[in-house]
Amino acid sequence: MPTIDWNDFMKVELRVGRVRSARVFAEARKPAYVLEVDFGPEVGIRKSSAQLTALYTPEELVGRLVVGVVNFPDKQIGPLMSQCLVTGFHDDQGRVALCVPDRDVPPGTRLL
């Protein structure tokens, strides 16, 4: 694996957000939700397509903290313009588990 320096890492804006809404993304090719995530006053609310359906219901996601990349360019996913990438890890069955802070931190807080 190639190494990167600190400046490379700092180019990625990883921030904490709070899920404000989650709904089934019926038009997606793979099962997914449309999330609206509040990343605080500096970034605002962003939409994302997230393949979290195997481990989470929409109701479980609302109010949860997540970690997202907020400085990727927008990406068209079917009829949705995804504005951030919500991060997660695949488990041994290929299901996505969210990457989350283990304590409550304010939305918008940057990972450093």
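All values derive from a computational prediction rather than experimental measurement. Residues take their numbers from the sequence shown, with the count starting at 1.
- Summarising the geometry, atom CG belonging to Leu98 is positioned 6.5 Å from atom CG belonging to Leu61; distances are rounded to the nearest 0.5 Å.
- If you take CG on Leu35 and CD on Gln83, they are separated by 12.0 Å, rounding to the nearest 0.5 Å.
- The line from CG of Leu80 to CD of Glu27 is 8.5 Å long, rounded to the nearest 0.5 Å.
- By the criterion of side-chain heavy atoms lying less than 4.5 angstrom apart, applied directly or through intervening Ile, Leu, Val, Met, Phe, Trp or Tyr residues, Phe89 is not grouped with Leu65; the two fall into different hydrophobic clusters.
- At least one donor-acceptor pair under 3.5 Å links the side chain of Gln76 to the backbone N or O of Gly78.
- The two residues Phe25 and Ile77 have their closest heavy-atom pair at CZ-O, 3.2 Å.
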- Decide side chain to side chain contact (heavy atoms under 4.5 Å, CB included) for Val100 and Val67; before the verdict, give the C-alpha distance in whole Å, the side-chain angles of both, and the deciding distance to 0.1 Å. CA-CA 6 Å; Val100 298; Val67 175; 5.7 Å; no
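- Judged purely by atom type and a 3.5 angstrom limit, Gln51 has no side-chain atom pairing as donor or acceptor with the backbone of Ala32.
- Between Arg64 atom CZ and Leu52 atom CG the span is 9.5 Å, to the nearest 0.5 Å.
- In this structure, Val43 is not a member of the same hydrophobic cluster as Leu112, with clusters built from ILVMFWY side-chain heavy atoms closer than 4.5 Å.
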- Task: Test Phe39 against Cys84 for side chain to side chain contact (heavy atoms under 4.5 Å, CB included), laying out the working first.
- Result: CA-CA 10 Å; Phe39 288 101; Cys84 65; 3.8 Å; yes
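- Nearest heavy atom pair, residue Ala22 against residue Val62, reads N-CG2, 3.9 Å.
- Between Lys47 and Met81, every side-chain heavy-atom pair lies at or beyond the 4.5 Å cut-off.
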- Message: side chain to side chain contact (heavy atoms under 4.5 Å, CB included), that's the test. Do Val66 and Val16 meet it? Break it down for me.
- Response: CA-CA 6 Å; Val66 296; Val16 172; over 6 Å; no
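- Hydrophobic cluster membership is shared by Met10 and Val69, with clusters built from Ile, Leu, Val, Met, Phe, Trp and Tyr side chains linked at under 4.5 angstrom.
- For Ser49 against Ser82, the heavy-atom pair with the smallest separation is N-OG, 3.6 Å.
- The pair Arg46-Glu36 fails the salt-bridge criterion, with no side-chain N (NZ, NE, NH1 or NH2) lying under 4.0 Å from an Asp/Glu carboxylate O.
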- Task: Could you walk me through whether Val105 and Arg18 pass the side chain to side chain contact (heavy atoms under 4.5 Å, CB included) test, one step at a time?
- Result: CA-CA 10 Å; Val105 294; Arg18 188 171 303 278; over 6 Å; no
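- Residues Asp91 and Leu55 form a side-chain contact, since some pair of their non-hydrogen atoms from C-beta on lies under 4.5 Å apart.
- Under the 4.5 Å side-chain heavy-atom criterion for grouping Ile, Leu, Val, Met, Phe, Trp and Tyr, Val96 is connected to Val37 within one hydrophobic cluster.
- Across all their heavy atoms, Tyr33 and Val24 have their closest contact at CD2-CA, 3.8 Å.
- Annotation for Thr53 and Pro31: closest pair OG1-CB, 3.3 Å, computed over non-hydrogen atoms.
- Using a cutoff of 4.0 Å between basic side-chain nitrogens and carboxylate oxygens, Asp38 and Arg15 are not scored as salt-bridged.
- Linking Ile, Leu, Val, Met, Phe, Trp and Tyr whenever their side-chain heavy atoms come within less than 4.5 Å puts Trp6 and Val12 in one cluster.
- Residues Leu111 and Phe9 approach most closely at CD2-CZ, 3.6 Å, considering heavy atoms.
- The CZ atom of Arg95 sits 10.0 Å away from atom OH of Tyr56, with the distance rounded to the nearest 0.5 Å.
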